[in-house]
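Data first, discussion second: the structure below is written as structure tokens.
Please read these numbers as outputs of a predicted model, since none were measured by experiment. All chains are named by letter (A, B, ...) in the order of the sequence lines, taking the proteins before the strands, and each is independently numbered beginning at 1. Any value given below was found using the heavy atoms of this structure, including those in side chains, with hydrogens, waters and symmetry copies removed.
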There are 2 protein chains.
Amino acid sequence: MPDIKHFDPDAALETVVRLFWRQGVASTGIQDVVTATGINRSSLYATFGGKQELYLAALRRYLELRSQPMFRRLAEDERGLPAISEFFGALIEARCSGEYARWGCMVSNAHAGAENSDPEVRAVLDRHHQELRDAMYASLVTAGRQGQLSAGADPGASADLLALLAYGVNLRSRAGADAATLRRTVAAALDSIGVRAAA
Amino acid sequence: MPDIKHFDPDAALETVVRLFWRQGVASTGIQDVVTATGINRSSLYATFGGKQELYLAALRRYLELRSQPMFRRLAEDERGLPAISEFFGALIEARCSGEYARWGCMVSNAHAGAENSDPEVRAVLDRHHQELRDAMYASLVTAGRQGQLSAGADPGASADLLALLAYGVNLRSRAGADAATLRRTVAAALDSIGVRAAA
DNA sequence: ACCATCCTGAAATGAGGATTCCAAGATACT
DNA sequence: AGTATCTTGGAATCCTCATTTCAGGATGGT
């Protein structure tokens, strides 16, 4: 009976993700969204609700479609330290070159803004951190099983360390950090965790 | 001949630092500044210029009065690894409890926002990073002179790593990260750099 | 062909944003 | 005391913000 939507909500939300990702929620107006998506204001509000709900939907989409696939791949990779090395390699590549260069990570960016005081946003942030850390942990346990870890290394603390390192990479890359330096830093971190010359 | 200022620009700027630090520049209005400082709009603009100049002045003040003293203390401390450990201890303490708990670091926060596209802001960010890294490096060289570093450790790469770790601590603490976990993570990082049981 | 139902476009709303203007007040030197 | 010079308070400006409203258009089941 009713009329049908004249646009694809999924494609629209992807466009919104990129807007909020690059500029942050506080610096992005609804007008920017209207212009970028080509959707009318009314349809926008009818489909997604207000700006806060739109941001939340975009943040959740980022977590699900951008972060979690990387986490899963890392956690399920059976190679141990090389998997972690590859994870960081891909991260630095994505942060420093290509379409999203210098955008940082949408979730990391959310940590620093005023949006993190919203409980629902905070929940996404915590979930992101938990899953990142857990993926690191799983990969480190795999590495340990294969004798890749140095004697004193604690997988739990190392997972925390590597997770925090990822946030550091995300932040500094947004301000123009050199990819080669970031790679060298990550290599040193992995080298200090693993048995010498394992990474 | 002229009338004299009826307020203390230095105290006012300190108030502004705290506003921008906590809420970010995009979420802080000039009205907020007027209310918090008690200064009139006209005097504000006559003294500091517009919002962007005010933010820059606040950011530079933060770097000079909050960051640099910590960096200097670290660089000049002759104890080596214990100095680095103490630096992170004080950092985590400041980020997780007391007056500025959950505010993060104003410079780290600036990395994630849209303000980082301003070249003058970017310059402050780069300067902050350079000085943080250099202080770490100096302290690591001191540690190396005293035989506190493990055989394969490279002071340069380790300095990069610890600097990025600090950004991670700043970010995650703003989203409510547990102080004990952060301490444990830092301890593990230092442990992996130093000779066993040195930190 | 009808019509209830939803979608769309553009304008309207009202709050809040940064910035400027100006009259009135305060200052310190002559 | 007079006056040039600066500060101050508060209103005024103009723009952008998020959100709502509503008339008209499109849809698909009957």
Side-chain angles (χ1 to χ4, degrees), chain A residues 1-60 109-110 113-121, chain B residues 1-59 109-110 113-118 120-121:
Chain A
M1 303 168 178
D3 193 358
I4 209 124
K5 264 187 220 309
H6 297 184
F7 64 96
D8 178 6
D10 212 57
L13 194 53
E14 176 58 28
T15 302
V16 174
V17 164
R18 295 174 196 212
L19 270 182
F20 284 146
W21 181 4
R22 180 157 42 106
Q23 311 175 358
V25 60
S27 309
T28 305
I30 290 292
Q31 181 58 49
D32 296 335
V33 176
V34 169
T35 304
T37 60
I39 301 176
N40 193 271
R41 231 175 293 270
S42 313
S43 311
L44 205 75
Y45 276 87
T47 306
F48 299 106
K51 187 184 181 183
Q52 187 64 20
E53 289 161 280
L54 182 60
Y55 174 70
L56 248 169
L59 191 64
R60 290 191 176 121
N109 295 348
E115 57 266 36
N116 95 103
S117 56
D118 180 321
E120 304 205 65
V121 171
Chain B
M1 302 163 180
D3 193 359
I4 209 130
K5 265 189 218 312
H6 296 184
F7 65 95
D8 179 5
D10 212 57
L13 193 53
E14 176 58 28
T15 301
V16 174
V17 164
R18 294 175 196 212
L19 272 182
F20 285 144
W21 181 4
R22 180 156 44 105
Q23 312 177 357
V25 59
S27 309
T28 304
I30 289 292
Q31 181 58 49
D32 296 334
V33 176
V34 168
T35 303
T37 60
I39 302 175
N40 192 272
R41 233 173 293 270
S42 311
S43 312
L44 205 74
Y45 275 87
T47 306
F48 298 106
K51 189 184 181 184
Q52 188 64 18
E53 288 161 281
L54 182 60
Y55 174 70
L56 248 171
L59 192 63
N109 295 347
E115 57 267 35
N116 95 104
S117 55
D118 179 322
E120 305 206 63
V121 170

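Looking at which nucleotide of DNA chain D each of B:Asp3 and A:Ile30 is closest to, the 5′-most match is held by B:Asp3.
When all heavy atoms of B:Lys5 and B:Thr47 are compared, the closest pair comes out as NZ-OG1, 3.3 Å. Between A:Asp3 and A:His6, the shortest heavy-atom contact is OD2-NE2, 3.4 Å. Listed here is the closest heavy atom pair of B:Ala12 and B:Thr37: O-CG2, 3.9 Å. When every heavy atom of A:Asp32 is checked against every heavy atom of A:Leu19, the shortest pair comes out as O-CD1, 3.7 Å.
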Exercise. Go through B:Leu59 and B:Glu120 one step at a time and tell me if the side-chain contact (heavy atoms from CB on, under 4.5 Å) criterion holds.
Key: CA-CA 10 Å; B:Leu59 192 63; B:Glu120 305 206 63; over 6 Å; no

Self-check item: Worked check of side-chain contact (heavy atoms from CB on, under 4.5 Å) between B:Asn109 and B:Phe20
Solution: CA-CA 10 Å; B:Asn109 295 347; B:Phe20 285 144; over 6 Å; no

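Listed nucleotides C:dA26, C:dA18, C:dT8 differ in distance to B:His6; the shortest reach to its side chain belongs to C:dA26. The side chain of B:Pro2 sits closest to D:dC6 out of D:dC6, C:dT5, D:dT8. Of the candidates C:dT19, D:dT7, D:dT27, the closest approach to any side-chain atom of B:Lys5 belongs to D:dT7.
If you check residues 32-45 of chain B against DNA chain D, the residues with a heavy atom closer than 4.0 Å are B:Asn40, B:Ser42, B:Ser43, listed by number.
Nucleic acid contact class of A:Thr28 (heavy atoms, under 4.0 Å, all strands): sugar-phosphate only.
In this entry the distance linking CG of A:Leu19 with P of D:dC17 reads 13 Å, nearest Å. Atom pair A:Ile4:CD1 and D:dT27:P shows a separation of 9 Å (rounding to whole Å applied). The distance between atom CD of B:Gln31 and atom C1' of C:dT20, rounded to the nearest whole Å, is 16 Å. Rounded to a whole Å, the NZ atom of B:Lys51 is 19 Å from the P atom of D:dC15.
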